[in-house]
Amino acid sequence: MDLFDIEEPDFENEAKNFLSKPHFLDELNQEQRQAVETTEGPVLVLSGAGTGKTKVLTTRIAYILHQQKARPWQILAVTFTNKASKEMKERLEKMIGGDAFSVWLGTFHSIGIRILRKHGGLLGLEQNFIVLDPDDQERLLKQMMQEDGIDIKKHTPAGLLDVIQRWKDKGLLPHGVTTAQNSGYCEGRALYFYEKYQKRLKELNAVDFGDLLLLPLALFQSYPDVLEEYQKQFRYILVDEYQDTNVAQYLLLRMLAKGYGNICCVGDDDQSIYSWRGAEVENILTFQKIFPQALVIRLERNYRSTAHILGAASGLISNNQGRLGKTLKPADELQGMGEKVKVTGFWSGSQEAESVVTSILKEQQKGVALSDMAILVRATFQTRQFEEVLMRTGIPYKIIGGFKFYEREEIKDAVAYLRLVLNQNDDLAFLRIVNKPKRGVGPAALDVLTQTAKEKHVSLFDAISWAPLKPLLRKTLESFIQLIKNAKEKSLSVYPSEVARFILQESGYIQMWRQDKSVEAQGRVENVMELYTVLDDFKTIDEFIEYASLVTDTDEQVSSDQLVVMTLHASKGLEFKHVYLPGWEEGLFPHQKALDEAGESGLEEERRLAYVGITRARERALISHAFNRRIYGQTQNALPSRFIDELPPEHILVFDPTNKHGQREYIEPAWSNKYFSKNDNETWDYSGEKTGFCEAGNKSRWARESLNIDFDNEFSFSSFGVQKKEKVQTSKRVGRRVHHEIFGDGTVLKDSGGSLEVSFDSVGVKKVKSAFLEELFS
DNA sequence: GGGTTGCCCGTTTTT
DNA sequence: CGGGCAACCC
């Protein structure tokens with residue numbers, strides 16, 4: 001690759017290009033086009049929800065290449081998620097073909113790993129370093145803390161990890177941390193642990209996610225010549241979701257952009273919802289200070305949502321201070337205002353779930369695909385309630401979030417086996433599976449091995465041959481060694497998937513789960529089988545390991561007609577025809593912890609989250625709250641979220657609970673007083689009637705009156721009534737005959753919602769999740 | 001090494 | 001309420 005082969009402008013070609021403007025520019029509106037065509041110098045694109053930022057980014061790359069301003073590998077484009085980079089790559093390929101694969105396009109972390117694989121040696125990293133996941137990190141820290149006699153209960157490893165992670169997010173290596181920054185955690189010993197942790201990582205030839213940004217930064221600081229290499233290479237830099245960058249990422253970008261100064265950052269300050277993970281909205285707010293000559297382009301034309309949805313969202317977010325400010329306008333193509341956002345109160349969380357699902361069912365019957373609808377919640381625990389109803393109703397659904405494929409125990413074990421086959425010095429992998437399945441290698445045996453490993457300066461694996469071990473133990477460990485070696489030899493001639501099958505079969509690992517009688521065991525075996533399928537796509541083990549350590553969402557594919565339930569955080573970047581937004585209650589949304597820990601800025605981030613939620617909807621957004629919600633086994637009552645109050649009345653309809661003329665209906669909210677008032681004593685009134693003060697008891701009555709309505713105001717004759725009947729029946733499941741895939745038939749003894757105690761005919765009493773049971777009708 | 005009991009704690013989690 | 005985990009017992 002000759003970096004200088006296009007140094008001289010090719011006038012002839014340029015003239016030709018000028019005459020034949022690329023057709024892909026025609027699809028852009030004026031602002032988008034400006035964002036694409038302003039290739040030189042720093043550009044900040046403030047891109048609201050649904051304004052076509054991915055289109056701008058991909059077209060910009062295509063345009064730069066088309067204009068022959070750079071070769072593909074001279075363009076760096078970074079995203080946050082694998083999903084985003086995959087999508088961009090696919091779109092780009094459609095536009096420019098195979099050249100798309102030569103562009104440096106990937107997540108920040110994958111770019112970081114690429115740099116470290118090449119130059120990590122300068123920092124003392126071996127080329128085949130491994131990437132730790134948060135689980136490994138926490139285990140490591142816990143071990144270190146216990147060695148130093150820290151009370152794990154008072155100072156949790158997770159807490160310490162958080163502190164260290166924040167330092168890394170800020171681009172701080174241990175020597176860069178100031179005393180003031182260190183004051184907080186673990187009686188000021190956090191920094192000590194940070195140092196120790198980094199040392200330990202080096203010993204293990206490992207890095208964590210934070211290091212994938214921090215270490216390239218350190219590398220560039222210490223080796224200007226390496227930095228220069230990259231500065232010369234990257235003529236154009238593009239950044240997606242810039243509002244989510246942390247300081248380390250910002251510093252990295254700034255360094256790289258010093259070369260040509262052509263940096264284009266795309267982001268939306270109103271969608272910054274990850275500050276608690278170290279993201280700094282400041283980066284986007286101060287862009288113009290860092291690059292005074294920067295051009296700022298606002299993309300405000302929204303191609304996704306109706307005018308009412310945009311109006312509601314805009315009104316809400318305008319309550320935030322310190323925004324760069326932009327107002328979403330519906331694209332001309334969309335005629336009319338659309339449907340107003342509906343707001344409803346329910347008596348209880350379960351009733352809310354019931355009604356949401358009923359409404360979804362009805363929409364489905366009207367022809368709306370399940371995949372066009374979504375339930376977006378604030379906290380994961382909310383999903384359970386919906387899951388129960390969906391299961392009963394038989395609607396195909398998918399809960400997104402929760403346990404990711406590569407975070408599952410069995411998958412991590414399987415990957416650890418492969419890691420050890422690949423590299424016997426991988427102590428962490430060794431520790432993970434040496435006694436899985438049980439081989440009689442307990443803590444005592446491991447102590448001996450660790451000791452020997454230290455003395456002889458070898459890995460745990462190699463320590464086996466030196467360590468003083470009892471004959472029986474020696475025998476088992478030596479056959480373990482043999483097993484790994486056999487697999488290694490196999491790996492030279494067969495594909496990874498074959499190696500995995502071999503090692504997991506021969507080690508007895510699969511057998512271990514097959515024999516396990518717990519409820520999840522079956523699923524674990526299936527997951528391992530699934531892993532074999534994933535492995536089929538890989539030609540080498542290390543290729544797979546790298547993939548597995550950076551990619552976490554392979555099983556999040558939603559099949560054609562499934563309803564998704566997910567957190568608001570997880571919904572960013574997605575869109576649906578209909579969006580249900582339950583749980584808008586004070587304490588839950590905005591979440592109490594966000595208010596407690598971050599005060600006003602916490603509230604603003606919650607508000608941005610609400611904004612993200614509403615703007616996911618194309619045609620319909622339905623917001624609801626429950627007056628009573630079971631949390632931690634206790635029913636707590638809650639006031640409607642203040643965010644409901646902040647919705648502009650002209651864009652919403654609220655359900656009128658006053659039942660004035662014997663009718664229940666949605667009305668225009670003419671609230672003189674607010675639907676919800678911060679002053680707890682005021683009545684909520686949006687029917688125009690005299691308000692005043694009320695007792696808690698009255699509120700309850702008000703709430704009770706809104707019982708048994710659903711989103712569509714079809715109280716008495718909707719399918720809701722039928723369902724409700726069924727619900728009563730199924731929730732009283734004690735005494736019923738049920739069937740379980742593994743345990744066979746049995747009788748329900750105790751019913752506590754999600755999990756049941758069942759007396760099985762063949763295996764006795766077990767506690768099982770209702771999801772695994774089928775009801776038998778006699 | 002394995003199983004049981006009792007206690008604590010409970011947001012969001014792109015990589 | 002229920003999961004996770006440490007302490008305890010066999």
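Values in this document were obtained by computation on a predicted structure and should not be read as measured data. Residue numbering restarts at 1 for every chain, and letters A, B, ... go by the order of the sequence lines.
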Atom pair distance, as rounded to whole Å: [atom1] in [X] and [atom2] in [N]:
| X | N | atom1 | atom2 | result |
| --- | --- | --- | --- | --- |
| A:Phe381 | B:dT11 | CZ | P | 8 Å |
| A:Glu280 | B:dT14 | CD | P | 19 Å |
| A:Asp268 | B:dT14 | CG | P | 20 Å |
| A:Leu568 | B:dT13 | CG | C1' | 14 Å |
| A:His569 | B:dT13 | NE2 | C1' | 8 Å |
| A:Phe589 | B:dT11 | CZ | C1' | 12 Å |
| A:Glu409 | C:dG4 | CD | P | 10 Å |
| A:Gln382 | B:dG10 | CD | P | 17 Å |

What pairs with A:Arg139 under side chain to side chain donor-acceptor pair (under 3.5 Å), at least two apart in sequence or on another chain?
A:Asp136

Going by 5.5 Å between centroids and 30° between planes, is there a stack of A:Trp276 over B:dT12?
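By the stated criterion, A:Trp276 and B:dT12 stack.
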
I'd like to check, for A:His591, whether its ring lies over the base of B:dT11 with centroids under 5.5 Å apart and a plane angle smaller than 30°.
yes

What contact category does [X] fall into here, base, sugar-phosphate, or nothing, at under 4.0 angstrom with non-hydrogen atoms?
| X | value |
| --- | --- |
| A:Phe108 | nothing |
| A:Val441 | sugar-phosphate |
| A:Asp244 | base |

Counting only side-chain nitrogens and oxygens, does [X] get under 4.0 Å of the OP1 or OP2 atom of [N]?
| X | N | value |
| --- | --- | --- |
| A:Asn82 | B:dT14 | no |
| A:Thr380 | B:dT12 | yes |
| A:Asn435 | B:dG1 | yes |
| A:Ser549 | B:dT15 | no |

Scan nucleotides 6-10 of chain C against the protein and return all N/O pairs shorter than 3.5 Å with their distances rounded to 0.1 Å.
from, atom 1, to, atom 2, distance (Å)
C:dA6, OP1, A:Lys142, NZ, 2.8

Map A:Gly440 and A:Ile273 onto DNA chain B by nearest heavy atom, then report which one ends up closer to the 5' terminus.
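The residue closer to the strand's 5' end, by nearest nucleotide, is A:Gly440.
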
Between A:Arg439 and A:Glu597, which has a closest nucleotide on DNA chain B that is more 5'?
A:Arg439

Residue pair A:Glu352, A:Ser624: steps toward the side-chain hydrogen bond (donor to acceptor under 3.5 Å, both in side chains) verdict
CA-CA 7 Å; A:Glu352 180 185 50; A:Ser624 60; 2.8 Å; yes

Electrostatic pair A:Asp596-A:Lys593, nearest N-O below 4.0 angstrom:
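Looking at A:Asp596 and A:Lys593, the cut-off is not met.
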
Is any NZ, NE, NH1 or NH2 atom of the basic residue among A:Arg608 and A:Glu605 found under 4.0 Å from an Asp or Glu carboxylate oxygen of the other?
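Salt bridge flag = yes for A:Glu605 with A:Arg608.
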
Do A:Phe627 and A:His625 have their ring centres less than 6.0 Å from each other?
yes

Between [options], spot the one nearest the side chain of [X], thanks.
| X | options | answer |
| --- | --- | --- |
| A:Lys438 | B:dT14, B:dT12, B:dG1 | B:dG1 |
| A:Phe80 | B:dT15, B:dT13, B:dT14 | B:dT14 |
| A:Ala379 | C:dG2, B:dT15, B:dT11 | B:dT11 |

From A:Asn628 CG over to A:Ile631 CD1, what is the distance, rounded to the nearest 0.5 angstrom?
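Reported to 0.5 Å precision, the distance equals 10.5 Å.
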
Not counting sequence neighbours, which residues clear ring-ring contact (aromatic ring centres under 6.0 Å, His included) with A:His569? List them please.
A:Tyr274, A:Trp276

Can you name the nearest heavy-atom pair linking A:Leu473 to A:Gly440, along with the distance?
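Closest pair (atom of A:Leu473, atom of A:Gly440, distance): CD1-O, 3.5 Å.
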
